[in-house]
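What follows is a single structure, written as structure tokens, with notes after it.
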Protein chains: 2
Amino acid sequence: MSTSVLRALKILELLSGSDKPLPLTRIAEQLDIPKSTAHAILRALASREFLEVTEHASYSIGLRAFEVGAAHLRSNNAVDIVIPQLAGLTKELGITSHYAVLDGTDAVYLCKQDPPGLGIKLASSVGARLPAVVTAVGKAALAWLPGNELAAHLPSGGEVGRDVGIMAELAQVRERGYSLDDGETASGVRCIAAPVFSPSGGPGAIGVSYMLGSTLDADAVAAHVMNSASRLTQLLGTLTRKATA
Amino acid sequence: MSTSVLRALKILELLSGSDKPLPLTRIAEQLDIPKSTAHAILRALASREFLEVTEHASYSIGLRAFEVGAAHLRSNNAVDIVIPQLAGLTKELGITSHYAVLDGTDAVYLCKQDPPGLGIKLASSVGARLPAVVTAVGKAALAWLPGNELAAHLPSGGEVGRDVGIMAELAQVRERGYSLDDGETASGVRCIAAPVFSPSGGPGAIGVSYMLGSTLDADAVAAHVMNSASRLTQLLGTLTRKATA
DNA sequence: CTACTGTTTCTCTCATATCGAACAGTGTTC
DNA sequence: GAACACTGTTCGATATGAGAGAAACAGTAG
């Protein structure tokens with residue numbers, strides 16, 4: 001059913017995961033699509049500017065795809081509330097903050113706020129997808145999930161062996177109120193996150209990142225993050241109460 | 001050729017332009033697609049999370065579409081250079097700055113920087129598409145286009161009558177080095193923009209926005225913007241020189 | 001309860017997208 | 001400089017997916 005549409009989407013996903021533009025042949029072999037079929041789909045995608053054709057007939061994600069994707073943030077009414085909160089966190093602490101939601105076993109970063117000081121910004125993490133269990137925001141979102149939903153968001157799918165360590169860590173996160181990531185994702189950078197409960201959207205979390213060896217006190221930072229997260233949950237609650245009223 | 005793929009893309013475009021989620025019937029009639037076919041395509045899009053299904057079986061842009069769209073910024077190496085420059089502008093002037101590129105007759109906003117002070121952020125303009133001739137960034141990008149390319153980026157497509165006023169304004173923009181928008185797009189807000197020339201990417205511009213009636217002097221602001229824009233052009237030049245070397 | 005709007009699922013027919021193979025550019029290698 | 005390997009493109013025959021209508025189903029309003 002609807003194979004060509006699914007193939008077009010797979011092409012978009014493949015190209016979004018690749019940091020370099022890919023030529024037709026590479027795309028066709030990666031996805032097991034005959035070259036001629038891939039060619040037709042690529043032409044359709046490029047004609048609508050969902051793909052861009054680079055100098056050497058390679059394809060990368062186009063402007064229209066960006067435009068369409070940006071509409072997701074607009075439709076997600078939560079983000080409008082989240083951004084000011086992140087800005088507040090970043091201003092108070094002087095470090096980068098971000099907001100992510102859970103999608104299957106991954107955490108997807110929706111938005112972030114950088115401190116004004118930094119000369120060179122890191123590669124923008126917005127739109128990044130990482131396994132939830134290796135990120136602070138992911139663990140924060142996982143920790144407060146009801147037990148019956150949790151399995152669906154763990155990579156092992158409920159296997160006992162691998163999950164034991166994770167379950168223990170999530171229990172610890174629940175106990176102290178925030179999650180920690182000491183260089184698991186990017187070595188040398190610590191992330192601290194706390195959960196955000198949105199009645200309408202899925203489970204999510206906000207977090208901050210800073211270099212290990214900074215003078216910042218982890219407990220103090222965590223207090224700020226937890227404070228912001230709980231206020232955010234509160235705001236999101238009133239938001240939906242208005243929408244449903 | 002490839003109708004179902006094109007239809008899927010049109011559905012995405014339609015939903016990205018709508019601020020509310022749309023039900024199947026509305027989508028089908030808007031795009032002249034038989035309901036049963038639309039249903040199949042929507043299922044395919046939703047199964048890959050390019051669309052989200054809301055409470056009342058309505059569809060809106062999904063998380064995966066956002067993720068894919070964000071990849072466009074990552075592939076656009078210009079943005080990494082632009083963001084710090086915008087941050088500098090916003091810090092110096094204390095007002096919102098943004099970067100947009102020309103796409104056909106429209107200007108599409110790629111990124112922006114908000115000043116830290118503002119309590120409530122305006123609806124994020126990132127991903128917005130506006131007619132180039134009614135925006136400061138659009139006019140700045142248009143003004144320095146070679147004559148033979150300009151027609152393709154004007155809505156009237158080269159008709160003399162309507163273009164006369166625009167051509168005069170673009171000449172004025174070229175003369176003083178920056179473009180101005182006094183409430184044309186949003187009443188009460190002035191935008192000032194200057195062109196950015198990227199050897200690899202298309203024509204673009206950076207600009208700033210602030211409320212009319214502010215104490216800021218337009219000439220002083222324009223000087224900052226033009227300064228940033230020319231430095232940006234310089235940086236982008238060295239960037240591609242490295243890439244091709 | 002009934003009428004109505006909208007969604008979902010069938011079915012069947014016919015158009016059409018898919019596929020493999022052959023063609024045509026481009027740069028590389030010996 | 002010629003043959004080669006690598007691309008992207010084109011072109012028909014076939015199978016697959018799209019089109020159209022009807023009908024079952026759910027929710028809402030009269």
Side-chain angles (χ1 to χ4, degrees), chain A residues 1-62 64-65 75 199-200 240 243-245, chain B residues 1-62 65 75 200 240 243-245:
Chain A
M1 54 96 142
S2 204
T3 52
S4 62
V5 173
L6 290 174
R7 282 173 165 174
L9 301 185
K10 280 188 179 173
I11 289 175
L12 288 174
E13 290 175 19
L14 173 67
L15 286 173
S16 80
S18 156
D19 48 349
K20 294 183 181 303
L22 299 178
L24 182 150
T25 310
R26 208 71 45 80
I27 295 171
E29 70 189 12
Q30 286 261 352
L31 300 177
D32 265 319
I33 304 177
K35 278 198 302 179
S36 51
T37 309
H39 179 67
I41 296 176
L42 287 172
R43 281 185 69 88
L45 288 169
S47 76
R48 285 270 163 188
E49 286 189 277
F50 277 77
L51 294 183
E52 279 175 359
V53 188
T54 67
E55 62 277 17
H56 286 308
S58 289
Y59 296 86
S60 64
I61 300 296
R64 200 122 223 166
S75 75
S200 55
T240 32
T244 52
Chain B
M1 54 84 146
S2 201
T3 49
S4 63
V5 173
L6 289 174
R7 282 175 164 171
L9 301 184
K10 280 188 180 174
I11 289 175
L12 288 173
E13 290 175 20
L14 173 67
L15 286 173
S16 82
S18 157
D19 48 351
K20 295 183 181 303
L22 298 179
L24 183 150
T25 310
R26 209 67 46 79
I27 295 171
E29 70 189 12
Q30 286 262 349
L31 301 176
D32 265 317
I33 304 176
K35 279 197 301 182
S36 50
T37 311
H39 178 67
I41 297 176
L42 287 173
R43 282 187 68 88
L45 288 168
S47 75
R48 286 267 160 193
E49 285 188 278
F50 276 77
L51 294 184
E52 280 175 359
V53 187
T54 67
E55 61 277 18
H56 286 308
S58 289
Y59 296 87
S60 65
I61 301 297
S75 75
S200 54
T240 32
T244 52

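Proteins get letters first, then strands, A, B, ... in listed order; numbering begins at 1 in each.
Looking at residues two or more places apart in sequence or on another chain, you find a side chain to side chain donor-acceptor pair (under 3.5 Å) between Arg48(B) and Glu13(A). For Arg43(A), the salt bridge (charged side-chain N to carboxylate O under 4.0 Å, His left out) test picks out no residue, with sequence neighbours left out.
As a whole-Å value, the separation of Ile33(B) CD1 from dG17(D) C1' is 15 Å. Distance CZ (Arg7(B)) to C1' (dG19(D)): 9 Å, rounded to an integer number of Å. Distance, Ile41(A) CD1 to dC19(C) C1': 12 Å, rounded to whole Å.
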Step by step, would you call Glu49(A) with Glu52(A) a side chain to side chain contact (heavy atoms under 4.5 Å, CB included)?
-> CA-CA 6 Å; Glu49(A) 286 189 277; Glu52(A) 279 175 359; over 6 Å; no

Ser47(B) and Leu9(A): side chain to side chain contact (heavy atoms under 4.5 Å, CB included), yes or no, with the steps?
-> CA-CA 10 Å; Ser47(B) 75; Leu9(A) 301 185; 6.0 Å; no

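Interatomic distance, Lys35(B) NZ to His39(B) NE2, rounded to the nearest 0.5 Å: 11.0 Å.
Look at Ser4(B) and you won't find any side-chain N or O under 4.0 angstrom from OP1 or OP2 of dG17(D). For dC19(C), one of the phosphate oxygens OP1 or OP2 lies less than 4.0 angstrom from a side-chain nitrogen or oxygen of Thr37(A).
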Identify the pairs formed between an N or O of the protein and an N or O of nucleotides 6-10 of chain D at a distance under 3.5 Å, and give each distance.
from, atom 1, to, atom 2, distance (Å)
dG8(D), OP1, Leu24(A), N, 2.8
dG8(D), OP1, Ala57(A), O, 3.4
dG8(D), OP2, Thr25(A), N, 3.0
dG8(D), OP2, Thr25(A), OG1, 2.6
dG8(D), O6, Lys35(A), NZ, 3.0
dT9(D), OP2, His39(A), ND1, 3.0

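Residue Leu45(A) comes nearest to Ala8(A) through the heavy atom pair CD1-O, 4.1 Å, listed as atom of the first residue, atom of the second, then distance.
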